[in-house]
Amino acid sequence: GAVVSQHPSWVICKSGTSVKIECRSLDFQATTMFWYRQFPKQSLMLMATSNEGSKATYEQGVEKDKFLINHASLTLSTLTVTSAHPEDSSFYICSAPGTSGGYNEQFFGPGTRLTVL
Amino acid sequence: AQSVTQPDIHITVSEGASLELRCNYSYGATPYLFWYVQSPGQGLQLLLKYFSGDTLVQGIKGFEAEFKRSQSSFNLRKPSVHWSDAAEYFCAVGARSGNQFYFGTGTSLTVIP
């Protein structure tokens, strides 16, 4: 089946530093990937759509200079949290659209927990 | 506008009791429908999905869900809840193109012995 991985699974960093999170589609290609953010006890909130070969599309209210997205290849999208602050601490999940049994669906990565000290 | 509503923020059931988690959606066309479970600190696990055909779908861990077009609902059920089912449950709808996906706000399930 379609598998999406994320790396790292968790990261702790100091305030002011930048952190890069990778999202890979392991056995399929994805021209589009999606990045979500989840606060404790809340649902997933779509942050941005990553597009291979073009700029990412950000949801309203998401700072594009804070959350840099690069879709480097058909199997890799990266999210860089720049100058991270404690309020950026969250669970970040990526997904990629693929097919299963002939139907389109999203395949989710296992998530990355970011803690900013 | 597309939306997914899970009316119950939190549900508590006794172990062995039956469970029904509600999900209603608003979507322009017939969407694909999904239920996910998330344990604390973990990622999403797909429980079941509906694309077409039989409106009663079976999933993993003994869960099932029924798509009711007339009610725009996709409620999740389990006949006998186990303590390990305690988690957060998310209903989601997806566009047939695969590029749009909407989550409900989630229902937190507590199971008491």
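First the proteins, then the strands, lettered A, B, ... as listed; each starts at 1.
- F107(A) and F34(B) have their aromatic ring centers separated by at least 6.0 angstrom.
- The hydrophobic clustering, which links ILVMFWY residues whose side-chain heavy atoms are closer than 4.5 Å, places L46(B) and W35(B) apart.
- Residue contact with chain A, scored on non-hydrogen atoms closer than 4.5 Å, involves the backbone and the side chain of F101(B) alike.
- Although no hydrogens or angles enter the test, the distance criterion places no donor-acceptor pair under 3.5 Å between the side chain of S43(A) and the main chain of G106(B).
- Most heavy-atom pairs under 4.5 Å with chain B, from the set E105(A), R113(A), M45(A): that is E105(A).
- With a 6.0 Å radius and a threshold of 12 heavy atoms from other residues, nucleotides or ligands, K66(A) has its NZ atom above the threshold.
- Linking ILVMFWY residues whenever their side-chain heavy atoms come closer than 4.5 Å, directly or via other members, places L76(B) and V111(B) in the same cluster.
- Residue K41(A) holds its NZ atom at 8.0 Å from NE2 of H10(B), rounded to the nearest 0.5 Å.
- Hydrophobic clustering, with ILVMFWY side chains joined whenever heavy atoms are under 4.5 angstrom apart, keeps L68(A) apart from I93(A).
- The number of heavy-atom neighbours closer than 6.0 Å to NE2 of H85(A), taken from other residues, nucleotides and ligands shown, is above 12.
- When the candidates A96(A), P97(A), P40(A), S9(A) are compared by the number of heavy-atom contacts under 4.5 Å with chain B, P97(A) comes out ahead.
- For a residue to count as touching a neighbouring chain, one of its non-hydrogen atoms must lie under 4.5 Å from one of that chain's; by this rule I9(B) does not touch chain A.
- Atom CZ in F108(A) sits 4.5 Å away from atom OH in Y36(B) (nearest 0.5 Å).
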Would you sort out whether Q42(B) and F91(A) count as a side chain to side chain contact (heavy atoms under 4.5 Å, CB included), showing the intermediate values? CA-CA 9 Å; Q42(B) 302 298 311; F91(A) 194 53; over 6 Å; no
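- Residues F90(B) and Q38(A) have side chains in contact (heavy-atom distance under 4.5 Å, counting atoms from C-beta outward).
- Residues L46(A) and W35(A) fall into different hydrophobic clusters, defined by Ile, Leu, Val, Met, Phe, Trp and Tyr side chains chained together at heavy-atom separations under 4.5 Å.
- Note: the hydrophobic cluster containing L44(A) does not contain Y58(A) (ILVMFWY, side chain heavy atoms under 4.5 Å, direct or indirect links).
- Looking at Q106(A), both its backbone and its side chain come within 4.5 Å of chain B, counting heavy atoms on both sides.
- Taking chain A as the reference chain and counting heavy-atom pairs below 4.5 Å, the highest number among E88(B), Q38(B), Q6(B), R96(B) is found for Q38(B).
- Aromatic ring orientation, Y103(A) versus F51(B): parallel (interplanar angle below 30°, classes split at 30° and 60°).
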